[in-house]
Amino acid sequence: MTADKLTLDPQLLEVLACPQDKGPLDYDHEEQLLINPRMGIAYRIDDGIPVLLIDEAQPHPADNEV
């Protein structure tokens, strides 16, 4: 049995901020990411828990590789 992707509470999304620039984050439900388009980075969500650690940020979009 596979678990469906979790959805973050909209009220939680309103208060979450990027730890680097303190700005709002966009939620990508399919990829389970919180995205900061201003900085081109994303933070993963593990089992419904946002991992908002600067050291864990990843480039976004990830398809920049050529």
Side-chain angles (χ1 to χ4, degrees):
M1 180 165 76
T2 61
D4 291 336
K5 292 182 180 173
L6 299 173
T7 301
L8 289 181
D9 184 322
Q11 290 179 325
L12 176 61
L13 289 172
E14 287 180 22
V15 298
L16 287 178
C18 177
Q20 293 188 57
D21 73 357
K22 311 302 187 238
L25 295 165
D26 297 334
Y27 177 45
D28 183 331
H29 174 74
E30 287 300 312
E31 297 294 322
Q32 288 294 286
L33 293 173
L34 290 168
I35 301 165
N36 180 334
R38 298 168 307 283
M39 296 186 73
I41 57 174
Y43 300 92
R44 73 182 187 280
I45 301 170
D46 289 343
D47 297 322
I49 301 169
V51 181
L52 296 175
L53 300 171
I54 292 172
D55 292 344
E56 295 290 323
Q58 56 196 28
H60 191 273
D63 58 359
N64 288 349
E65 300 173 12
V66 177

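Checked against salt bridge (charged side-chain N to carboxylate O under 4.0 Å, His left out), D21 has the following partners two or more places apart in sequence or in another chain: R38. For the side chain to side chain contact (heavy atoms under 4.5 Å, CB included) test, residues two or more places apart in sequence or in another chain that qualify with I54 are P19, Q20. The side chain to side chain contact (heavy atoms under 4.5 Å, CB included) test applied to E14 returns no partner, not counting sequence neighbours. Under the side chain to side chain contact (heavy atoms under 4.5 Å, CB included) criterion, Q11 pairs with D9, sequence neighbours left out.
Counting Ile, Leu, Val, Met, Phe, Trp and Tyr side chains that sit under 4.5 Å apart, directly or through other members, L33 shares a hydrophobic cluster with I35. In the hydrophobic clustering, where aliphatic and aromatic side chains (Ile, Leu, Val, Met, Phe, Trp, Tyr) are joined below 4.5 Å either directly or transitively, L13 groups with L8, L12, V15, L16, L25, Y27, L34, M39, I41, Y43, I45, L52.
Residue pairs meeting the salt bridge (charged side-chain N to carboxylate O under 4.0 Å, His left out) criterion with at least one member in residues 41-51, sequence neighbours excluded: R44-D46, R44-E56.
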